[in-house]
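I have placed the structure first, in the form of structure tokens, so that the comments after it can refer back to it.
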Amino acid sequence: SAWLHETDHARYDLENGLPGFSFYIKNYKLREEMERRAYGIEISIAEEAGYNDLVERLQDLLKEELERLEADYGSVE
């Protein structure tokens, strides 16, 4: 599922016209959407497989990633 997560980042970039990472660094909402979408893929796979402990861990990792983004960008609403 981690490969699918990373592949989705590439797909997301392609869907946005391949603007490059600097484009996403400048936009919290796009970065947030990118991470929610990619982690969502992993979480769905884990849920379907019945790996509840992995679901919880992935949800925690998403939360940590979003907290890092907020720290990088300052408080966002």
Side-chain angles (χ1 to χ4, degrees):
S1 66
W3 283 109
L4 294 175
H5 175 122
E6 296 306 327
T7 300
D8 191 65
H9 284 322
R11 184 178 302 118
Y12 187 85
D13 193 38
L14 183 61
E15 290 170 4
N16 282 290
L18 299 171
F21 191 66
S22 63
F23 177 76
Y24 299 105
I25 289 175
K26 297 174 187 172
N27 190 315
Y28 172 85
K29 287 295 183 191
L30 287 177
R31 294 271 313 276
E32 178 186 24
E33 180 181 335
M34 177 187 277
E35 292 302 335
R36 287 186 185 280
R37 181 175 137 160
Y39 273 103
I41 291 168
E42 284 195 87
I43 291 168
S44 292
I45 291 169
E47 286 174 335
E48 288 176 21
Y51 296 133
N52 297 328
D53 56 333
L54 181 56
V55 169
E56 289 179 28
R57 179 66 180 134
L58 290 166
Q59 290 171 335
D60 289 344
L61 288 170
L62 173 58
K63 182 181 176 200
E64 290 172 18
E65 182 67 27
L66 296 178
E67 287 171 354
R68 271 192 295 276
L69 288 176
E70 187 170 334
D72 288 348
Y73 289 88
S75 181
V76 291
E77 299 285 325

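In this chain, residues are counted from 1 in sequence order.
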Practice task
Determine whether Y39 and Y28 fall in the same hydrophobic cluster, where Ile, Leu, Val, Met, Phe, Trp and Tyr are linked whenever their side-chain heavy atoms lie under 4.5 Å apart.
Solution key: yes

Completion exercise
Test side chain to side chain contact (heavy atoms under 4.5 Å, CB included), reference V55, set D60, I43, I45, output is I43

Exercise for the section: Walk me through it: do E33 and K29 pass the test salt bridge (Lys or Arg N to Asp or Glu O under 4.0 Å)? Expected result: CA-CA 6 Å; E33 180 181 335; K29 287 295 183 191; over 6 Å; no

Handout entry: L54 reachable from I41 in the ILVMFWY side-chain graph, under 4.5 Å edges
Key = no

Exercise for the section: Evaluate the side chain to side chain contact (heavy atoms under 4.5 Å, CB included) criterion for residues E35 and H5: first the C-alpha distance (whole Å), next the side-chain angles of each, then the deciding distance (0.1 Å), finally the verdict. Expected result: CA-CA 9 Å; E35 292 302 335; H5 175 122; 3.7 Å; yes

Practice task
Using the test ring pair (Phe, Tyr, Trp, His ring centres under 6.0 Å), find all partners of Y12 that sit at least two apart in sequence or belong to another chain.
Solution key: Y24

Exercise for the section: Would you kindly confirm whether M34 and F23 end up in one hydrophobic cluster when ILVMFWY residues are joined by side chain heavy atoms under 4.5 Å apart? Expected result: yes

Exercise for the section: Give, for atom OG of S1 and atom CD of E6, the distance between the pair rounded to the nearest 0.5 Å. Expected result: 10.5 Å

Practice task
Report the C-alpha separation of R57 and E42 in whole Å, then their side-chain angles, then the decisive distance to 0.1 Å, and conclude whether the salt bridge (Lys or Arg N to Asp or Glu O under 4.0 Å) test is met.
Solution key: CA-CA 11 Å; R57 179 66 180 134; E42 284 195 87; over 6 Å; no

Practice task
Identify the residue among E32, H9, R11 that makes a side chain to side chain contact (heavy atoms under 4.5 Å, CB included) with R37.
Solution key: R11

Problem - hydrophobic_cluster_shared for L58 and L66, side chain cutoff 4.5 Å - result: yes

Problem - Within-4.5 Å side-chain heavy-atom neighbours: E65 and R31 - result: yes

Completion exercise
Closest non-hydrogen atoms of P19 and D13, given as atom of the first, atom of the second and distance, are CD-OD1, 3.1 Å

